[in-house]
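Structure record follows, encoded as structure tokens.
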Amino acid sequence: MTDKPGIVITGASGRMGQMLIKTVLESDKAELAGVVEREGHDWVGQDIGIAMGGAALGVAVTDDALAAFSEAQAVIDFTAPEATIAFSKLAAQAGCVHVIGTTGMSDVQIAALDPAARDTVLVRAGNMSLGVNLLVQLTKKVAAALDEEFDIEVIEAHHHHKVDAPSGTALMLGEAAAEGRGVKLADVADRGRDGITGARKKGDIGFTAIRGGDIVGEHDVLFAAAGERIVLRHMATDRAIFARGALRAALWGQGKAVGAYDMIDVLGL
């Protein structure tokens with residue numbers, strides 16, 4: 001028996017899944033309670049250590065998420081929107097903290113998480129790193145200080161495997177800029193330019209997505225006016241920062257009142 005919170009990792013075979021597993025195994029504050037993969041995946045039934053190319057760890061990969069969640073205190077979930085919605089219901093049923101790093105979720109999909117947050121602690125963020133969440137707060141403050149003479153552009157770069165654009169982090173930054181300006185992002189977002197688009201609309205918040213190579217994650221928020229520019233930047237060189245932040249959120253959520261939280265809450269920013 002141990003008093004360390006047991007953590008379940010979903011999407012075990014993915015790059016973030018494997019990074020999360022390694023991060024939990026290396027932590028002296030938590031233990032790996034289970035790993036989940038989709039039904040029919042080659043890893044199901046295998047010891048996770050062997051599946052990842054190492055020594056046996058005594059934890060078998062399962063496709064029975066509810067059974068795994070029921071034996072744990074938290075689940076960390078960097079999968080896909082529909083899978084995350086399904087996992088949220090199971091985490092609420094099991095009563096374990098659900099930490100969500102899944103990106104590419106629509107407003108409707110995010111709203112579908114609300115029922116689970118009435119029964120358990122749910123922590124969701126487009127980015128789990130300390131630096132990015134500081135950048136979010138700085139973006140909000142700078143946007144509030146500058147008027148519409150400063151155009152705002154959010155520029156993000158990721159590896160060529162990333163399937164969603166703009167990134168969840170870019171949207172977090174856009175939301176922060178919109179909040180700072182007292183507007184709704186949906187009303188001012190410019191998420192695509194191609195061909196003869198006409199002049200930039202004053203007050204819009206633009207997005208540019210770059211995809212290439214093995215870029216872990218780079219985000220700039222550009223404030224540009226006549227004669228001057230301000231650039232706020234965060235560069236991630238190791239996706240372990242996201243795994244460490246997610247584990248921190250899972251530990252923070254222990255004993256908290258049920259409800260929906262984000263990394264700003266976790267970090268106390």
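Hydrogens, waters and symmetry mates are skipped; everything else that's a heavy atom, side chains included, is used.
Relative ring orientation between H161 and H159 is described as tilted, the plane-to-plane angle lying within the 30° to 60° band. Between F69 and H98, the ring-plane angle classifies as tilted under the 30° and 60° cut-offs.
In this structure, T208 and V154 have side chains that are not in contact, with every pair of non-hydrogen atoms separated by 4.5 Å or more. The side-chain heavy atoms of Q46 and V35, taken from C-beta on, include no pair separated by under 4.5 Å. Considering only heavy atoms from C-beta on, H158 comes within 4.5 Å of H219 through its side chain. Residues T103 and S167 are not in side-chain contact: their nearest non-hydrogen atoms beyond the backbone lie 4.5 Å or more apart. Looking at D119 and V258, their side chains never come closer than 4.5 Å, going by heavy atoms from C-beta outward. The shortest side-chain heavy-atom distance between V136 and L173 falls under the 4.5 Å cut-off. Residues I85 and L113 have side chains in contact (heavy-atom distance under 4.5 Å, counting atoms from C-beta outward). Counting heavy atoms from C-beta on, the side chains of V99 and R124 never come closer than 4.5 Å.
K201 has no carboxylate O lying under 4.0 Å from a charged side-chain N of E148, or vice versa, which leaves the two without a salt bridge. Taking the charged nitrogens against the carboxylate oxygens, D204 and K202 have no contact shorter than 4.0 Å, which rules out a salt bridge. A salt bridge is absent between R211 and E218; no separation between the charged side-chain nitrogens and carboxylate oxygens falls under 4.0 Å. One finds a salt bridge joining R200 and D151 here, because a Lys/Arg side-chain nitrogen approaches an Asp/Glu carboxylate oxygen to under 4.0 Å.
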Starting from the C-alpha separation in whole Å, work towards a yes-or-no answer on side chain to side chain contact (heavy atoms under 4.5 Å, CB included) for T237 and V216. CA-CA 6 Å; T237 57; V216 173; 5.7 Å; no

For a side chain to side chain contact (heavy atoms under 4.5 Å, CB included) check, start with the C-alpha distance between R191 and L171, then their side-chain angles and the critical distance, and finish with the verdict. CA-CA 10 Å; R191 293 173 56 165; L171 293 172; 3.9 Å; yes

Stepwise salt bridge (Lys or Arg N to Asp or Glu O under 4.0 Å) check, R233 with E156: CA-CA 10 Å; R233 170 172 291 178; E156 55 103 339; over 6 Å; no

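Residues meeting the side chain to side chain contact (heavy atoms under 4.5 Å, CB included) test with L66, sequence neighbours left out: D64, S70, L90, Q93, A94. Partners of E179 according to the side chain to side chain contact (heavy atoms under 4.5 Å, CB included) rule, which considers only residues two or more places apart in sequence or in another chain, are K140. For D147, the side chain to side chain contact (heavy atoms under 4.5 Å, CB included) partners at least two apart in sequence or on another chain are E149, F150.
A donor and an acceptor atom, one from each side chain of T169 and H234, are nowhere located under 3.5 Å apart. Side-chain N/O atoms of T84 and T79 include a donor and acceptor closer than 3.5 Å. Remark: the H41 side chain and the E39 side chain contain no N/O donor-acceptor pair separated by less than 3.5 Å.
Residue M235 holds its CE atom at 8.0 Å from CG of D220, rounded to the nearest 0.5 Å. The CG atom of L269 sits 8.5 Å away from the CE atom of M263 when rounded to the nearest 0.5 Å. Atom SG of residue C96 and atom CG of residue L122 lie 10.5 Å apart, to the nearest 0.5 angstrom. Atom OG1 of T23 and atom CD1 of I76 lie 8.0 Å apart (nearest 0.5 Å). Taking CG of L232 as the reference point, atom CG of L138 lies at 6.0 Å (rounded to 0.5 Å). In this structure, CE on M52 lies 4.5 Å from CD on Q18, to the nearest 0.5 angstrom.
Counting non-hydrogen atoms of neighbouring residues, nucleotides and ligands closer than 6.0 angstrom, the NZ atom of K162 exceeds 12 such neighbours. Surrounding CG of D107 are at most 12 heavy atoms belonging to other residues, nucleotides or ligands under 6.0 Å away.
The two residues A72 and V8 come nearest to each other via the heavy atoms CB-CG2, 3.5 Å. I205 and A177 get closest at one heavy-atom pair: CD1-CB, 3.9 Å. Heavy-atom minimum distance, V36 versus A68: CG2-CB, 4.0 Å. Of all heavy-atom pairs spanning T120 and G95, the tightest one is OG1-C, 3.9 Å. A pairwise comparison of heavy atoms in M128 and F242 identifies CB-O, 3.5 Å as the closest pair. Closest approach of L57 to L25, counting heavy atoms only: CD1-CD1, 3.6 Å.
Both I7 and F78 belong to a single network of hydrophobic side chains, linked directly or stepwise wherever heavy atoms of I, L, V, M, F, W or Y lie under 4.5 Å apart. Both L20 and V123 are part of a single hydrophobic cluster, where members link through side-chain heavy atoms under 4.5 Å apart. Residue L32 is grouped with residue L251 when hydrophobic side chains (ILVMFWY) are merged at heavy-atom distances under 4.5 angstrom, including chains of intermediate members. Side-chain heavy atoms closer than 4.5 Å link hydrophobic residues (I, L, V, M, F, W, Y) into clusters, and following such links, possibly through other members, connects I241 to V266. Connection of I152 to F207 is established within a shared hydrophobic cluster, with ILVMFWY side chains joined at heavy-atom distances below 4.5 Å, either directly or through further cluster members.
Side-chain N or O atoms of N133 include one that pairs as donor or acceptor with a backbone N or O of N127 at under 3.5 Å. Judged purely by atom type and a 3.5 angstrom limit, E37 uses its side chain to pair as donor or acceptor with the backbone of S13. The backbone N or O of D262 lies less than 3.5 Å from a partner atom in the side chain of D265, making a donor-acceptor pair. K141 places no side-chain N or O within donor-acceptor distance of the main-chain N or O of Q137, the cut-off being under 3.5 Å.
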